[in-house]
Colleague: 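Starting off with a structure, shown below.
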Number of protein chains: 2
Amino acid sequence: MSDTAHILKKHHLRQTNCRQQMIAHFSAHSYALAHSELEQALSEFDRVTIYRTLYTFLEKGIVHKVLDDAGATRYALCAHCTEHQHHDEHVHFKCMQCQTVQCIDTISIPNIQLPQGYSYIDSNFLVRGVCRQCNQL
Amino acid sequence: MSDTAHILKKHHLRQTNCRQQMIAHFSAHSYALAHSELEQALSEFDRVTIYRTLYTFLEKGIVHKVLDDAGATRYALCAHCTEHQHHDEHVHFKCMQCQTVQCIDTISIPNIQLPQGYSYIDSNFLVRGVCRQCNQL
DNA sequence: TCCATTATGCAACATTGTTGCAAATAATGT
DNA sequence: ACATTATTTGCAACAATGTTGCATAATGGA
Ligand SMILES: [Mn+2]
Ligand SMILES: [Mn+2]
Ligand SMILES: [Zn+2]
Ligand SMILES: [Zn+2]
């Protein structure tokens, strides 16, 4: 069974064309994808279908949301998440030159001490800078 | 001279009604404001004017952008920023109960070590959880 | 192969972000 | 106080993104 099929099966989702191609597209890219990018790449599917598929993937822990300072939300494959809990406490890096946002899985988000009375659920850490590729130009 | 007038003067901006009321509104709230909230509160001004004023305030270092996982960008007053550089490296906290996002000025963003080849510009750290007020219910 | 459940496409709409341009306004100098 | 000029505002129009309802199509299991 293909990788994409396996991911869907693992999360008890039906094997549909759109889902398979979306997962394949995520796998083929090392950076986080915006809705608009998926829409362009997979133009055979309706915008709403992609929208709803992203929602399903989020719920099931197949992808996680990646914050971007430029409006549109991005998404990237999760490494070890389940339907019940996301575990994506790694840093995200946005290159201000090529505008891509990537997961830096090797850097986990440092623990911080919240003020009295505040409780922690999760966090999202976006670092802006210039990526390796763009620095080498 | 009023506080709001002083802020505008300091940044060489004209004293206009919209700008003064927007700054007053920011000052009166301890949490980050979305465009839509300003629009509702200051309904005598056009949506576009508020939009452009936010843009001006961002440029001048009067407000900073606060990322939110729910689509709409929020803004909050800067403490020590100038036209030339923002210095808002503090943690932002979003309460998943009351949905407000606030600046936690007392917690600065921890330094992280980026991989070889990456250079750092700035960062945005959003912690999600439950705020003090909502926890005490 | 049939059926129940689920996913998709389409239409329609809501919200947010963005630009051009003419009219209104604020600052400046007289 | 008034005229001049640069800037700001409101309006219209549009682009992009997010969201829902509903009829039709497809999937997975019986
Ligand atoms: Mn990630
Ligand atoms: Mn802040
Ligand atoms: Zn880059
Ligand atoms: Zn709260």
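Throughout, a chain's letter reflects where its sequence line sits, starting with A, and its residues are numbered from 1.
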Colleague: Side chain to side chain contact (heavy atoms under 4.5 Å, CB included) with A:Ser108: which residues, sequence neighbours excluded?
Modeller: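 A:Ser108 satisfies side chain to side chain contact (heavy atoms under 4.5 Å, CB included) with no residue once adjacent residues are dropped.
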Colleague: By the rule that ILVMFWY residues connect when side-chain heavy atoms come within less than 4.5 angstrom, directly or transitively, which residues belong alongside A:Val127?
Modeller: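 Hydrophobic cluster check, A:Val127: joined to A:Val91, A:Phe93, A:Ile104, A:Ile107, A:Ile109, A:Ile112, A:Leu114, A:Tyr118, A:Tyr120, A:Phe125, B:Val91, B:Phe93, B:Ile104, B:Ile107, B:Ile109, B:Ile112, B:Leu114, B:Tyr118, B:Tyr120, B:Phe125, B:Val127.
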Colleague: Can you name the nearest heavy-atom pair linking A:Ser30 to A:Gln102, along with the distance?
Modeller: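 Scanning both residues, the minimum pair turns out to be O-CB, 3.9 Å.
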Colleague: Sort and list the pairs that fulfil side-chain hydrogen bond (donor to acceptor under 3.5 Å, both in side chains) and have at least one residue in residues 40-55 of chain B, not counting sequence neighbours.
Modeller: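 Checked against side-chain hydrogen bond (donor to acceptor under 3.5 Å, both in side chains) - neighbours excluded - the pairs reaching residues 40-55 of chain B are B:Gln21-B:Glu44.
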Colleague: How far apart are the closest heavy atoms of B:Gln15 and B:Gln20, and which atoms are they?
Modeller: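 Shortest heavy-atom separation between B:Gln15 and B:Gln20 comes out as OE1-NE2, 3.0 Å.
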Colleague: Specify the separation, in whole Å, of atom CG of B:Asn17 and atom P of C:dA26.
Modeller: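 So the two atoms are 8 Å apart, to the nearest Å.
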Colleague: CG of A:Asp68 versus P of C:dG17: gap in Å, rounded?
Modeller: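 Between P of C:dG17 and CG of A:Asp68: 13 Å.
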Colleague: Just how large is the angle between the end axes of the helix from C:dT1-D:dA30 to C:dT30-D:dA1, five pairs per end, to 10 degrees?
Modeller: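 For the helix from C:dT1-D:dA30 to C:dT30-D:dA1, the axes at opposite ends meet at about 30°.
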Colleague: Sequence neighbours left out, what passes side chain to side chain contact (heavy atoms under 4.5 Å, CB included) with A:Asp69? Give chain and number order.
Modeller: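 Residues passing side chain to side chain contact (heavy atoms under 4.5 Å, CB included) with A:Asp69: A:Lys94, A:Met96, A:Leu126, A:Arg128, B:Leu67.
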Colleague: By ring-ring contact (aromatic ring centres under 6.0 Å, His included), which residues pair with A:Tyr31, not counting sequence neighbours?
Modeller: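 A:Tyr31 satisfies ring-ring contact (aromatic ring centres under 6.0 Å, His included) with A:His29 only.
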Colleague: Heavy atoms under 4.0 Å, any strand shown: does B:Ser36 hit a base, just sugar-phosphate, or nothing?
Modeller: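 Touches sugar-phosphate only.
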Colleague: Listed in order of residue number, which residues of residues 38-50 of chain A have a non-hydrogen atom at under 4.0 Å from DNA chain D?
Modeller: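 Per residue number, the list reads A:Arg47, A:Val48.
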Colleague: Using a heavy-atom cut-off of 4.0 Å to chain A, what are the terminal contacting nucleotides of DNA chain D, in 5' to 3' order?
Modeller: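 Range of nucleotides touched by chain A: D:dT17 to D:dG28.
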Colleague: If you define the side chain from C-beta out and look only at heavy atoms, does anything of B:Leu54 sit under 4.5 Å from B:Met22?
Modeller: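 The answer is yes, as the side chains (C-beta and beyond) meet within the 4.5 Å cut-off.
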Colleague: Tell me every residue that passes side chain to side chain contact (heavy atoms under 4.5 Å, CB included) with B:Ser27, counting only those two or more places apart in sequence or in another chain.
Modeller: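 Side chain to side chain contact (heavy atoms under 4.5 Å, CB included) list for B:Ser27, sorted by chain: B:Ile23, B:Leu77.
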Colleague: Tell me which of B:Tyr51 and A:Arg52 sits closer to the 5' end of DNA chain C, going by the nucleotide each one is nearest to.
Modeller: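 Comparing both residues, the 5'-ward one is A:Arg52.
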Colleague: What are the residues of residues 18-32 of chain B, sorted by number, that bring a heavy atom to within less than 4.0 Å of DNA chain C?
Modeller: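 Of all residues in residues 18-32 of chain B, none places a heavy atom under 4.0 Å from DNA chain C.
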Colleague: N/O contacts under 3.5 Å, protein versus nucleotides 27-30 of chain C?
Modeller:
{"from": "C:dA27", "atom 1": "OP1", "to": "B:Gln15", "atom 2": "N", "distance (Å)": "2.6"}

Colleague: How would you list, by chain and number, every residue that makes a ring-ring contact (aromatic ring centres under 6.0 Å, His included) with A:His90, sequence neighbours excluded?
Modeller: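 With neighbours one apart ignored, the set is A:His64, A:His92.
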